[in-house]
Amino acid sequence: MRRPFFAVLGGMGTLATESYIRLVDQLTHAHTDQEYLDYVVFNDAAVPDRTAFILGESDESPVPALFDDIDKANAIGASFITLPCNTEHYFFDELQSRADVPILHMPKLAVAHMLQRYPVHDHPRVGFMGTRGSCSAGIYRGEVESAGYAYVEPDEDLQQRIDTLIYDEVKGGLPLSKPLYRGVIEEFLDANGPYRCNAVILGCTELSVFNEAFPLPELPIIDAQEVLAEETVARAKALL
């Protein structure tokens with residue numbers, strides 16, 4: 001009898017999807033081929049840009065392409081679906097209505113994890129690093145504020161530096177800059193700076209690529225993709 005498997009709607013971008021899959025494999029702690037989890041990855045790199053659509057810079061919605069991927073996941077019998085793209089969660093309700101099985105909600109999972117690791121009373125102000133689309137759509141704002149935190153977004157100058165990390169260095173293939181990455185996080189966390197945050201959410205899976213390359217365990221960082229990977233492994237193992 002075939003084992004249960006999950007489906008990954010990836011390809012947005014491809015390097016971030018690869019990072020997510022590597023993390024899932026590492027967290028599985030397998031010792032033989034057969035101990036790894038079963039999954040299918042839709043590396044649909046041609047899905048139209050989510051941020052451009054959200055900001056009104058493009059009228060090409062990514063939803064039809066994502067629906068096609070979900071239809072395929074439904075047809076092959078996936079037990080659940082994951083979306084390793086934060087900005088894509090702007091369309092979550094539409095996507096879940098199309099799916100026959102649960103889709104894991106990365107922002108909700110990330111904030112629930114943050115509540116456990118960095119409680120509100122000790123970490124009241126939370127900085128957000130993500131795409132302009134995610135910021136504009138408030139994908140994390142509602143979740144963070146509902147949990148009792150103050151939600152803090154970057155100003156234009158800091159967002160431009162975040163854009164460089166996401167679009168130039170990861171998506172664009174330039175060398176990853178640890179000083180730029182760490183500098184942005186430390187600016188959020190500077191107690192004497194304009195943000196005065198107590199924790200930072202990495203709410204873009206391209207930024208999770210930086211967390212994989214340059215882990216900073218001494219800083220209060222919530223990597224949404226890492227949280228999703230942990231939940232993916234737990235959910236998949238529970239089905240075996």
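Residue-environment remark: CD (Glu60) stays at or below the threshold of 12 foreign heavy atoms within 6.0 Å. Counting heavy atoms of neighbouring residues, nucleotides and ligands inside a 6.0 Å radius, atom CG of Asp157 exceeds 12 of them. Dense packing is recorded around CZ of Phe91, with more than 12 heavy atoms of other residues, nucleotides or ligands lying under 6.0 Å away.
Shown here for Gln34 and Arg3, the closest heavy-atom pair between the two residues is O-NH1, 3.1 Å. Nearest approach of Asp44 to Asp69, heavy atoms of both residues: OD2-OD2, 2.8 Å. Nearest heavy atoms, Ala199 versus Leu189: N-CD2, 3.8 Å. Closest heavy-atom contact between Phe67 and Glu94: CE1-O, 3.5 Å. Here the closest non-hydrogen pair linking Val24 and Val233 is O-CG2, 3.6 Å. Across all non-hydrogen atoms, the minimal contact from Glu187 to Tyr195 is O-CD1, 3.7 Å.
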Verdict with reasoning, Glu88 to Arg50, per salt bridge (Lys or Arg N to Asp or Glu O under 4.0 Å): CA-CA 6 Å; Glu88 187 180 311; Arg50 283 71 57 207; 5.3 Å; no
Intermediate values then yes/no, side-chain contact (heavy atoms from CB on, under 4.5 Å), Glu212 and Asp223: CA-CA 10 Å; Glu212 181 184 17; Asp223 179 356; over 6 Å; no
Residue pair Phe210, Ile185: steps toward the side-chain contact (heavy atoms from CB on, under 4.5 Å) verdict: CA-CA 12 Å; Phe210 277 91; Ile185 294 173; over 6 Å; no
Criterion side-chain contact (heavy atoms from CB on, under 4.5 Å) on Phe42 and Asp68, from CA distance to verdict: CA-CA 10 Å; Phe42 294 93; Asp68 182 63; over 6 Å; no
Intermediate values then yes/no, salt bridge (Lys or Arg N to Asp or Glu O under 4.0 Å), Glu186 and Arg161: CA-CA 13 Å; Glu186 289 182 338; Arg161 282 182 273 164; over 6 Å; no
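To the nearest 0.5 Å, atom CD1 of residue Ile222 and atom CZ of residue Arg117 are 5.5 Å apart. Note that CD1 of Ile54 is 5.0 Å distant from CD1 of Ile139, once rounded to the nearest 0.5 Å. Atoms OG1 and CE, on Thr82 and Met106 in that order, are 8.5 Å from each other to the nearest 0.5 Å. Between the CG atom of Leu207 and the OH atom of Tyr181 there is a distance of 7.0 Å, given to the nearest 0.5 Å. Rounded to the nearest 0.5 Å, atoms CG (Leu66) and CG (Leu83) are 8.0 Å apart. One finds the CD atom of Glu169 at 6.0 Å from the CG atom of Leu176 (value rounded to the nearest 0.5 Å).
Classified by interplanar angle (parallel below 30°, tilted 30° to 60°, perpendicular above 60°), the ring pair His89/Phe92 is parallel.
Ile221 and Leu23 fall into different hydrophobic clusters, where Ile, Leu, Val, Met, Phe, Trp and Tyr are joined by side-chain heavy atoms under 4.5 Å apart, directly or via other members. Ile70 and Phe5 fall within the same hydrophobic cluster, where Ile, Leu, Val, Met, Phe, Trp and Tyr residues are linked whenever their side-chain heavy atoms come under 4.5 Å apart, directly or through other members. Using a 4.5 Å cut-off between side-chain heavy atoms of Ile, Leu, Val, Met, Phe, Trp and Tyr, with links allowed through other members, Leu174 and Met129 fall into different hydrophobic clusters. Leu228 and Tyr36 end up in different hydrophobic clusters when Ile, Leu, Val, Met, Phe, Trp and Tyr side chains are linked at under 4.5 Å. Tyr167 and Leu55 sit in two unconnected hydrophobic clusters of ILVMFWY residues. Membership requires side-chain heavy atoms under 4.5 Å apart, directly or through other members.
Formation of a donor-acceptor pair under 3.5 Å by the Asn74 side chain with backbone atoms of Arg98 is found in this model. Looking only at distances, no side-chain donor or acceptor of Ser136 sits under 3.5 Å from a matching main-chain atom of Gly133. Judged by distance alone, the side chain of Gln159 and the main-chain N or O of Gly130 form a donor-acceptor pair under 3.5 Å. Using a distance-only test at 3.5 Å, with no hydrogens or angles considered, a donor-acceptor pair links the side chain of Ser61 to the main chain of Val63. Using modelled atom types, no side-chain atom of Glu206 and backbone atom of Leu165 make a donor-acceptor pair closer than 3.5 Å. Although no hydrogens or angles enter the test, the distance criterion places no donor-acceptor pair under 3.5 Å between the side chain of Lys178 and the main chain of Ala213. Ser19 contributes no side-chain N or O that, together with a main-chain N or O of Leu15, makes up a donor-acceptor pair within less than 3.5 Å.
A heavy-atom distance below 4.5 Å is found between the side chains of Phe80 and Leu239. For the pair Leu219 and Val200, the minimum side-chain heavy-atom distance is 4.5 Å or more. Contact annotation: the side chain of Ser58 never approaches that of Asp49 to less than 4.5 Å [non-hydrogen atoms, C-beta and beyond]. Between Leu37 and Lys237, the closest side-chain pair of non-hydrogen atoms falls below 4.5 Å. In this structure the side chain of Leu158 reaches within 4.5 angstrom of the side chain of Asp155, judged on heavy atoms. A heavy-atom distance below 4.5 Å is not found between the side chains of Ile76 and Lys72. With contacts defined as side-chain heavy-atom distances shorter than 4.5 Å, the pair Met114/Val227 does not qualify. No side-chain heavy atom of Glu226 sits under 4.5 Å from any side-chain heavy atom of His113.
Tyr140 pairs in a ring pair (Phe, Tyr, Trp, His ring centres under 6.0 Å) with only one of the listed residues (Phe128, Tyr151, Tyr149), which is Phe128. Results of the salt bridge (charged side-chain N to carboxylate O under 4.0 Å, His left out) test with Arg132 over Glu57, Glu153, Glu156 single out Glu156 as the only residue that passes.
When only modelled atom types and interatomic distance are considered, Ser134 and Thr131 share a side-chain donor-acceptor pair under 3.5 Å. A donor-acceptor pair shorter than 3.5 Å can be found between the side chains of Tyr20 and Thr232.
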